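Have a look at the structure below, then the notes.
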Amino acid sequence: MARDFFINGECLVSIRGAAGTAIAAATELGLADSPITVTPNFKHQDIAVDTFGGAKGPPPEIQYFLSDVTVSMNLVHFDRTVLDEVWRLSMGGATTIGTLPRAGSRMGGNVARYAAGWNFVSLRLTSQVGNKPWHFRSAYIVAGGGGGGFPLGTERSVVPIQWRVVPYVQDPWGAGAGSSGVVLWDYTAGD
Amino acid sequence: MARDYFINGTSLVRVKGIGSLANQDDGDNFGKAKLWELGLAQDPIVLSPKFHHKDVFIDDFGPNVPAEVLWMLAEVRITMNLVHFDISVLRKCLANSMGNANAVDAFDGSINEGEFAGAGIPMGGNKNRFVAGNQYISLNIRSEVVNGGLNWRFPTAYLAESPMTFPMGTERTIASLNWRAIPYGRPKITLAEVGATTIPDELVSVGTVLWDHILDD
């Protein structure tokens with residue numbers, strides 16, 4: 001691939017939730033009023049060796065301890081009902097939006113993706129020009145800050161949403177592979 | 001093998017034993033020792049061998065510095081904080097560690113691991129491993145080798161002293177376990193070594209295994 005300007009193009013946000021939810025099939029959420037930002041958060045840890053100055057010196061080796069991703073967007077043209085459903089799932093999947101589940105309710109629920117009880121959503125961002133659509137397999141709306149504060153007034157609402165994407169798996173042992181092979185994101189279309 | 005960083009990689013804790021850990025499945029294996037998955041830890045599992053040596057003093061060397069030291073065997077402490085675990089297997093481990101082979105008898109985990117065996121019950125019961133009456137647990141730590149990670153097996157271990165810290169609340173429980181491994185066992189004595197036609201029934205320390213790197217199956 002040659003060096004060029006990267007232009008993502010129009011970016012439609014769509015999501016898909018578990019069986020039995022209002023978004024059990026791939027569903028459009030909306031369009032943003034400005035660029036959607038994808039921020040991978042890499043987690044590395046230094047290995048300190050005394051011959052290199054210990055904790056005070058630079059590490060001669062580093063270990064990679066996986067990643068999560070932050071996705072930020074300001075929705076301006078969106079489906080209010082779909083947003084409610086995503087909020088409900090991000091709040092632990094109580095039966096009704098605005099109602100609380102038990103404290104400590106699990107988001108993944110020890111079930112497979114899209115099985116009943118799975119409260120994450122699959123998050124897709126289209127790429128109409130750049131042809132590099134993002135597919136985040138297990139995401140939820142984070143609380144606080146840009147986590148969905150909803151302005152109410154006579155002007156159109158622009159709703160800031162901040163997502164967190166994590167590498168959810170049912171069995172962390174993974175038949176001995178651990179996290180190896182777990183997909184955090186991919187560029188596949190469809191779901 | 002050259003010098004390098006040692007990264008053990010992910011580890012799965014498994015246990016094998018009889019008594020409460022006996023196989024409860026129908027069929028030929030009923031009542032036999034079974035290998036169970038206990039769980040995954042939140043952070044590193046820590047192995048702490050404790051060596052015992054005894055000083056030999058002679059007057060010519062004075063009262064403070066030994067002229068010779070005797071090896072007096074060892075034990076191992078294994079601590080782990082389990083975050084993804086099978087609570088029914090953990091209860092079976094508690095039952096065995098409390099000397100209570102009679103605490104189980106249902107595969108659905110409906111055991112009362114809190115019930116005492118008699119005070120003074122010997123954990124080995126003068127039996128071989130995995131024979132009824134021997135309560136020790138074979139503690140297996142299975143590592144998936146990344147950069148030469150090691151499997152560890154402690155053939156005769158039990159939950160000891162303050163064996164478990166078990167917080168209960170809305171947050172996920174991290175079960176902190178404290179294991180002790182000792183060198184219980186019957187040595188293999190060949191007929192040629194003793195020049196006899198029968199194998200003497202003695203408990204000796206030579207050849208007894210405290211740990212090895214071969215996992216149970």
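Proteins come first, then strands; the chains are lettered A, B, ... in the order of their sequence lines, and each starts at number 1. Predicted, not measured: the structure shown is a model, and the values here were computed from it.
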**Report entry** Sequence-distant partners of B:R14, salt bridge (Lys or Arg N to Asp or Glu O under 4.0 Å), two or more places apart
**Finding:** none
Query - Over 12 foreign heavy atoms within 6.0 Å of CZ, B:F166 - result: yes
Query raised in the report: Is a salt bridge present between A:D84 and A:R80, judged by a nitrogen-to-oxygen distance below 4.0 Å?
Result: yes
**Report entry** Salt bridge present between B:R180 and B:E75 (N-O < 4.0 angstrom)
**Finding:** yes
Could you pull out every donor-acceptor pair under 3.5 Å between side chains of residues 39-48 of chain A and any protein atom, sequence neighbours left out?
from	atom 1	to	atom 2	distance (Å)
A:N41	ND2	A:D68	OD1	2.9
A:N41	ND2	A:T70	OG1	3.0

Requested in this report: Against chain A, label B:L12 side chain, backbone, both or neither, depending on which of its atoms sit under 4.5 Å from a heavy atom there.
Outcome: both
Query - Residues of residues 60-67 of chain A contacting chain B, heavy-atom criterion under 4.5 Å, by residue number - result: A:P60, A:E61, A:Q63
Requested in this report: Any pair with a residue in residues 170-179 of chain A that passes side-chain hydrogen bond (donor to acceptor under 3.5 Å, both in side chains), sequence neighbours left out, goes on the list, sorted by first then second residue, please.
Outcome: none
**Report entry** Residue part contacting chain A, namely of B:R172, when any heavy atom lies under 4.5 Å
**Finding:** neither
Report task. Assess whether ring-ring contact (aromatic ring centres under 6.0 Å, His included) is satisfied between A:W134 and A:Y187, documenting all intermediate values. Result -> CA-CA 5 Å; A:W134 292 78; A:Y187 298 113; 5.3 Å; yes
